[in-house]
Asks: 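Here's a structure for you.
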Number of protein chains: 2
Amino acid sequence: MPLRSDWSELMCPVGRALDVLGDPWVVLLMRDALHGRRRFEEFKESLGISDAVLSRRLTGLVASGLLEQQPFEGDGRARHVYVPTAAGADLLPILQSLAIWAEKHTELPDGGAHMALIHETCGRETTSADTCSACGEPLRAEEMSWDKPWKAERVRLSGATTLEA
Amino acid sequence: MPLRSDWSELMCPVGRALDVLGDPWVVLLMRDALHGRRRFEEFKESLGISDAVLSRRLTGLVASGLLEQQPFEGDGRARHVYVPTAAGADLLPILQSLAIWAEKHTELPDGGAHMALIHETCGRETTSADTCSACGEPLRAEEMSWDKPWKAERVRLSGATTLEA
DNA sequence: ACACCTCGCTTGCCTCAAGAAAGTGATCTG
DNA sequence: CAGATCACTTTCTTGAGGCAAGCGAGGTGT
């Protein structure tokens with residue numbers, strides 16, 4: 001008797017998606033990964049997630065094929081980085097449709113501001129999650145920036161298996 | 001110290017969306033609600049969810065403003081129905097982007113088949129979650145059918161506050 | 001050489017939710 | 001009046017979340 005139901009065998013694709021994405025930490029981690037975060041400490045600091053949960057989630061995401069663990073010799077010590085796979089990068093429309101929905105239907109916290117999804121290829125804001133509403137091209141992670149005014153920086157996303165974040 | 005973090009105050013809209021949608025039952029319930037399911041027993045039979053969890057989730061969804069409880073005098077007894085609000089109907093792009101992702105990146109179970117998203121207004125399949133890839137119009141729940149071949153029926157969705165499901 | 005730090009985990013503890021099953025009460029049916 | 005249906009509520013066990021501490025490998029400072 002599992003605590004959490006197993007939805008991997010459901011006919012409906014929404015159910016199967018939730019078998020992987022039904023955990024909110026998973027979604028936040030993938031958002032961060034597409035924002036160029038790669039290392040354990042980066043995720044931890046960004047999310048305020050506990051060590052134990054982060055470790056479990058990263059392992060699970062590698063097992064699910066959304067992240068790939070790569071060796072990394074940054075400063076001489078062998079560390080490793082977690083890089084989105086193609087399946088992970090394809091979560092972009094899901095993340096953006098969540099963002100669009102929340103912009104419309106949840107309340108901005110104090111000091112918040114509208115986040116714009118910028119298609120860098122054409123330079124304009126898109127109001128669609130998967131196809132640029134300005135130029136009509138399909139949106140790819142490495143061609144997007146999320147303009148977060150409260151951060152005074154436009155965050156360029158990075159796609160699958162890119163290391164120069 | 002809550003068991004589940006509170007993300008309602010986050011700057012990033014993805015976090016705020018997950019504060020409501022971070023529970024997989026919530027997403028499945030809203031999918032069913034947009035498929036025209038309205039009553040406690042309908043959700044229960046469709047999802048195999050336990051009474052206790054279903055009751056809690058429905059209460060929560062009403063509190064979150066995704067469902068509205070309406071009186072219903074179907075057969076003389078006073079029952080009530082749970083109907084999607086406008087915010088609930090606006091989850092359509094999220095559900096569809098989940099479905100599109102899973103069609104591409106999860107394995108079909110035995111006897112499964114491709115589910116097509118049909119824009120009934122133009123009669124064609126869309127490959128975008130929020131804007132019809134065939135005719136370019138924004139997708140609205142009550143204009144969509146999900147063609148589930150394993151069910152031998154095309155399921156017409158229903159939008160907000162519609163009772164004739 | 002030795003103390004100390006950083007990073008990526010792991011372990012232990014406590015609380016609280018998930019899930020299964022049974023109970024409840026209001027209303028209808030035979 | 002016995003039984004069924006519906007929408008919950010209650011009880012119970014299991015296990016995940018969050019916090020804090022520990023740990024081990026590989027730095028750095030003096």
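Everything numeric in this text was worked out from a predicted model, so none of it was measured. Here is the naming used below: chain letters follow the sequence lines, and residue numbers restart at 1 for every chain.
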Asks: Atom CG of B:Leu47 and atom P of C:dG19: how far apart are they, to the nearest Å?
Replies: 11 Å
Asks: Can you list the residues that meet the salt bridge (charged side-chain N to carboxylate O under 4.0 Å, His left out) rule with A:Arg56, with sequence neighbours excluded?
Replies: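 In terms of salt bridge (charged side-chain N to carboxylate O under 4.0 Å, His left out), with neighbours along the sequence ignored, A:Arg56 is linked to no residue.
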Asks: Name all residues meeting the side chain to side chain donor-acceptor pair (under 3.5 Å) criterion together with B:Lys104; count only those two or more places apart in sequence or in a different chain, and write none if there are none.
Replies: A:Asp90
Asks: If I take atom CD1 in residue A:Ile49 and atom P in nucleotide D:dA16, what distance separates them, rounded to the nearest angstrom?
Replies: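 It works out to 15 Å between those atoms.
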Asks: Which whole-number value in Å describes the distance from B:Glu41 CD to D:dA4 C1'?
Replies: 12 Å
Asks: To the nearest Å, give me how far apart CG (A:Asp6) and P (C:dA20) are.
Replies: 12 Å
Asks: Name all pairs fulfilling the ring pair (Phe, Tyr, Trp, His ring centres under 6.0 Å) condition that reach into residues 7-27 of chain B, sequence neighbours left out, sorted by first residue then second.
Replies: A:Trp7-B:Trp25, A:Trp25-B:Trp7
Asks: B:Arg57 side chain N/O closer than 4.0 Å to the phosphate oxygens (OP1, OP2) of C:dA18?
Replies: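 Looking at the OP1 and OP2 atoms of C:dA18, one of them is under 4.0 Å from a side-chain N or O of B:Arg57.
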Asks: Mind calculating the distance between CG (B:Leu54) and P (D:dC8) to the nearest angstrom?
Replies: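 That distance rounds to 8 Å.
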Asks: What are the residues of residues 17-25 of chain B, sorted by number, that bring a heavy atom to within less than 4.0 Å of DNA chain D?
Replies: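 Within this stretch, nothing sits under 4.0 Å of the strand.
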Asks: Of A:Ser50 and B:Glu42, whose closest DNA chain D nucleotide lies nearer the 5' terminus?
Replies: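 The residue whose closest nucleotide sits nearer the 5' end is B:Glu42.
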Asks: Please name all residues satisfying salt bridge (charged side-chain N to carboxylate O under 4.0 Å, His left out) with A:Glu137, sequence neighbours left out, ordered by chain then number.
Replies: none
Asks: In whole angstroms, how far is the C1' atom of D:dA7 from the CG atom of B:Leu29?
Replies: 15 Å
Asks: Establish, from distance only, whether the side-chain atoms of B:Asp147 and B:Ser145 form a donor-acceptor pair under 3.5 Å.
Replies: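 Their side chains do not contain a donor-acceptor pair, so the 3.5 Å distance test is not met.
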Asks: With sequence neighbours left out, write down each residue that passes side chain to side chain donor-acceptor pair (under 3.5 Å) with A:Ser50, or none if nothing qualifies.
Replies: none
Asks: Enumerate all atom pairs, one protein N or O and one N or O from nucleotides 9-12 of chain C, separated by less than 3.5 Å.
Replies:
{"from": "C:dC9", "atom 1": "OP1", "to": "A:His80", "atom 2": "NE2", "distance (Å)": "2.9"}
{"from": "C:dC9", "atom 1": "OP2", "to": "A:Tyr82", "atom 2": "OH", "distance (Å)": "2.6"}
{"from": "C:dC9", "atom 1": "N4", "to": "A:Asp51", "atom 2": "OD2", "distance (Å)": "2.3"}
{"from": "C:dT10", "atom 1": "OP2", "to": "A:Ser55", "atom 2": "OG", "distance (Å)": "3.0"}

Asks: Checking salt bridge (Lys or Arg N to Asp or Glu O under 4.0 Å) against B:Asp32, which of B:Arg57, B:Arg37, B:Arg39 comes through?
Replies: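 Only one option passes, and that is B:Arg37.
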Asks: For B:Asp51, which residues count as a side chain to side chain donor-acceptor pair (under 3.5 Å) partner, sequence neighbours excluded?
Replies: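 B:Asp51 satisfies side chain to side chain donor-acceptor pair (under 3.5 Å) with B:Lys44 only.
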Asks: Not counting sequence neighbours, which residues clear salt bridge (charged side-chain N to carboxylate O under 4.0 Å, His left out) with B:Asp19? List them please.
Replies: none
